Participant: 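Can you read through this structure? Questions will come right after.
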Amino acid sequence: MKYRNSLILLGLLALPVSLAAQTPAMSADAAAAEIDRDAIEGPVRFLADDLLEGRGPASRGDELTQLYLSTTLEMLGYEPGGEKGSYLQTFDIVGIDSKPPQTWDFTKGGQKVSLKNFDQFIAASGVQKDRSVIQNAELVFVGYGIQAPEFQWDDYKGMDLKGKVLVMLNNDPEGDPKLFEGNRRLYYGRWTYKYESAARQGAAGAIIVHTTPSAGYAWQVVQTSWTGEQFELPAENEPRIQVSAWTTEEAARQIAKLSGHDLDALIKQAQSRDFKPVPLGVTTSLTLENKISRKKTANVGGLLRGSDPKLKEEVVVYSAHHDHLGIGEPDKEGDKIYNGALDNAAGTAQVLAIAKAFAALPEPPKRSILILFVAAEEQGLLGSEYYSKHPTFPAGRIAANINYDGGNIFGPSAEVAFIGMGKSSLDQVVKTLAAKQSRQVVGDQFPDKGFFYRSDQFNFARIGVPAIYLDTSTKLKGKPEEYGKEKIEAWEAAHYHQPSDELTPDWNYDGMIDDARLGFYAGLQIANTDQLPAWNPGDEFEAARKQAIQQAGK
Ligand SMILES: [Zn+2]
């Protein structure tokens, strides 16, 4: 604020020109200067405070977060951008708290393997009912559980899997670089796909074998993400399995051995297109007692109406999820509050700073700007899923989504990582603007982790909206190549989804300031360009876009 006023003041002193004589570029730069350290650090300090109790969905911390974000948007001059004249878009979530037994038994002949809850397996309910039941079901190893006609791949080969428990590998086959885009993780490699795929087969349950490389994260992340109350959007008519489970690799080895197989040999078979499901001859039963609750949470939206009479009916949506994991299992220090400072107070703060910059423009851009803080991301992108099913603008009128999840706390970067690069005309927008910051744009630096499908831009892409997700680059200014990568990986190993994801004095804001300014300029340009952004021909989301634009009557 100070910087901008003093610039204007200098202009007035030096030249007898009015404020209106500022060129659009000058006013955009002055607005971008609103994005500074204070604009980001302040909101992070509030949202990541212990008083917010980790912002778990439908908690007091969640409500405080909604109130803080909506009143801040109001203060910045944004109109209510939720539903029914409110800043909130409230929706139901179904909480399922499953109590698995302490042990889960697998038997063959007279022999038995007993797995320990939490240490060796995690089991969550696949149904929104008081009980999930697997009764004497046979285990079948189904490789990756993938059916992908475009790669002529079908792990099921027409086998009847009704009532079975499917043992599946995470990720997708790695061997052939032409298959499943090499080591880039597609949707087929995500756990959501795995359980949906098992449900389509009529299976009773599915067990994903966890390995750190195939999941992209350690077993402790599975533990913390899958225990305690889990939330979903209310069930509709989609097929569902009774139990969604994970086991450790070591536990899967025991089960394989019990069945007379070797896990490594099974994994090897699964790399081939000729793979057929392997009945393991092992049976199991499992009952989960579930406590079902229905609660409400809300996306928070603020709208800045566009200045063009026609284009204001279209919108650029900025998003960041405002929730985190709440209160959960204590860590070694006894800390139970999962503050989510980086994940995602940092992203929320960057989007708030961008909102402040747009509010500082002398005139809004041609298209409208929606600042959207989505809820319940950590539970499986629920807030953005709800928004994508109930968008406040028709999907075909959403020009683009710019999403922030996390932020660069390690220092200014020579590059910016653009998750989703190579997919749409937005590449050019980001590259041109990053060049003005003397920065290079690189694609996903951890392509094996499938980040494009792991945050809220994915739900926008599913309804056809081209998306930008800016992420921390590994190449930090003035540091050797490996430094950034090591920093990011060390942070992930120690703090990702842990109570220790807290605001600490060593945070460096320069990278986030650059990334937020870049996103601001990108959205401004998209909002002022007559042509709508488009997916590259043949992209997996191109068909959805065409349909959405047709429906919006463009
Ligand atoms: Zn997260």
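Not measured: the values here are computed from a predicted model. Note that ligands are numbered from 1 as they come in the structure, with each ligand's atoms numbered from 1 the same way.
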Participant: Strictly under 2.8 Å, is any N, O or S atom of Glu378 next to the Zn ion (ligand 1)?
Facilitator: yes
Participant: Determine the sole option in Phe460, Trp535, Tyr187 for which the ring-ring contact (aromatic ring centres under 6.0 Å, His included) test with Phe541 is passed.
Facilitator: Trp535
Participant: Would Glu229 and Lys295 pass as an ion pair if we require N to O under 4.0 Å?
Facilitator: yes
Participant: Is the Lys NZ or Arg CZ of Lys423 less than 6.0 Å from the centre of Phe452's six-membered ring, within 45° of the axis?
Facilitator: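 Judged by the rule (NZ or CZ under 6.0 Å from the ring centre, within 45° of its axis), Lys423 counts as positioned above Phe452.
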Participant: In Asp343, what N, O or S atom is nearest to the Zn ion (ligand 1), if we give its atom name?
Facilitator: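 Answer by atom name: OD2.
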Participant: Would one find an N, O or S atom of His321, in either backbone or side chain, under 2.8 Å from the Zn ion (ligand 1)?
Facilitator: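 No, outside the cut-off.
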Participant: Taking distance alone, no hydrogens or angles, what donor-acceptor pairs closer than 3.5 Å link side-chain atoms of residues 90-100 to residues at least two apart or in another chain?
Facilitator:
{"unit_1": "Asp92", "atom_1": "OD1", "unit_2": "Lys296", "atom_2": "NZ", "d": "2.7"}
{"unit_1": "Ser98", "atom_1": "OG", "unit_2": "Ser125", "atom_2": "N", "d": "3.3"}
{"unit_1": "Ser98", "atom_1": "OG", "unit_2": "Asn290", "atom_2": "OD1", "d": "2.8"}

